[in-house]
There are 2 protein chains.
Amino acid sequence: MRASGSKAVTDLVQRLRTAGLRPTRQRVALGRLLFSSGDRHVTAESLHLEAAKAGAQLSLATVYNTLHQFTASGLLRQVVVDGAKTYFDTNTGDHHHFYAEDCATLIDIPGDAVVIDGLPKAPAGMEIERVEVVVRLKPRV
Amino acid sequence: MRASGSKAVTDLVQRLRTAGLRPTRQRVALGRLLFSSGDRHVTAESLHLEAAKAGAQLSLATVYNTLHQFTASGLLRQVVVDGAKTYFDTNTGDHHHFYAEDCATLIDIPGDAVVIDGLPKAPAGMEIERVEVVVRLKPRV
DNA sequence: TTCCCCGTTTAGAATCGTTCTAATATATTG
DNA sequence: CAATATATTAGAACGATTCTAAACGGGGAA
């Protein structure tokens, strides 16, 4: 096993290529952080910090670029729960979120668990792109 | 009927007093714009512009202050659908939203129409504050 | 009415997350 | 290896929002 080329990495490189993205050092580093453990929620800032701690040195601009490119390629999804920061979710499947404002934490809710009934149909000329449920949490008193 | 004191205005002044807010010229002006027609969705910017057009001159900082005070007093609710701007909704009851990203428009969905089933219970130590559904719309092709 | 106190407003500066710019570096192709 | 297109970068720019400190004004007391 070569030090620089585990199966996970070659898979990731393949995913990037398939998405039309050159597997640069920076994109591979971020991809490893994002995709090698289970589902994750990150912000540009948090990922940048994490990358720095892991020894990768890349600019914050690159983190932003990469997160957007990954999102455009369907590798990530953007989650809007807070006006101040943008979250990115490695789980791109159908699901929803708990959001604990007081600790700025997102928790996935599997999509197949939740049934939503009685939604009106979209206004004329529009169609539904996605239905997002955010369950806001507060500390129990 | 006095020129400066319709019933709507005295009601508004009363609402502000009850909320512990002095009925200043600026708060009354914004309150009239917000509460005299039906349910509304505004941003600080849009309300500031509207106030200016209506002849009230107040600073953008005051609009921000007032929106936050009204929200803290339960006269308004904040709606998070877009990372860039914060929306405020005069409908503080239980309801949800359509959001048309391409024209930055919010449309209310009555709360009693929608039934959500199968939500997991809140994580330990947390409780559910509110369940928000956002239905994202795109123009039909 | 007049005075005073304290909450409110204000202009402008500051802050924060994010995006842009234009110069440099790097991946890929031939 | 050279050529070319794409990616990265530091730092400036940006837009929404918040902060600051000084001026203002509501409303109770005298």
Rounded to the nearest 0.5 Å, how far does CG of A:Leu49 lie from OG1 of A:Thr43?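 A:Thr43 atom OG1 to A:Leu49 atom CG measures 9.0 Å (nearest 0.5 Å).
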Between atom [atom1] in [X] and atom [atom2] in [N], what is the gap in whole Å?
X       : N      : atom1 : atom2 : result
A:Leu21 : D:dT8  : CG    : P     : 9 Å
B:Asn65 : D:dC24 : CG    : P     : 18 Å
A:Leu58 : C:dT24 : CG    : P     : 21 Å
B:Leu47 : D:dT17 : CG    : P     : 12 Å
A:Gln78 : C:dG17 : CD    : P     : 16 Å
A:His68 : C:dT18 : NE2   : P     : 8 Å
A:Arg22 : D:dT4  : CZ    : C1'   : 9 Å
B:Lys85 : D:dT17 : NZ    : C1'   : 12 Å

Short side-chain N/O contact to [N] OP1/OP2 from [X], under 4.0 Å:
X       : N      : result
B:Thr43 : D:dA16 : no
A:Arg25 : D:dT8  : no
A:Gln26 : D:dT9  : yes
A:Tyr64 : C:dT18 : yes
A:Ser59 : D:dT9  : yes
B:Arg17 : D:dG27 : yes
B:Thr24 : D:dG25 : no

For the residue pair B:Arg77 and B:Phe88, would you count it as a cation-pi contact if the rule is NZ or CZ under 6.0 angstrom from the ring centre and within 45 degrees of the ring axis?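 Relative to the ring axis of B:Phe88, which defines the angle, B:Arg77 lies outside at least one limit.
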Looking at D:dT17, C:dT9, C:dT28, which one has an atom nearest to any side-chain atom of B:Arg27?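 Among the listed nucleotides, the one closest to the side chain of B:Arg27 is C:dT9.
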When you get a sec, tell me which of C:dT9, D:dA16, C:dT28 is the closest nucleotide to the side chain of B:Glu45?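 Looking only at heavy atoms from C-beta outward on B:Glu45, the closest nucleotide is D:dA16.
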Given A:Ile116 and B:Val115, is the side-chain contact (heavy atoms from CB on, under 4.5 Å) satisfied, shown in steps? CA-CA 6 Å; A:Ile116 303 163; B:Val115 178; over 6 Å; no
Side chain of B:His68, backbone of B:Thr66: donor and acceptor closer than 3.5 Å?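 Not at all, since once roles are kept as given, no pair shorter than 3.5 Å links the two residues.
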Could you walk me through whether A:Asp11 and A:Arg15 pass salt bridge (Lys or Arg N to Asp or Glu O under 4.0 Å), step by step? CA-CA 6 Å; A:Asp11 282 1; A:Arg15 277 184 93 178; over 6 Å; no
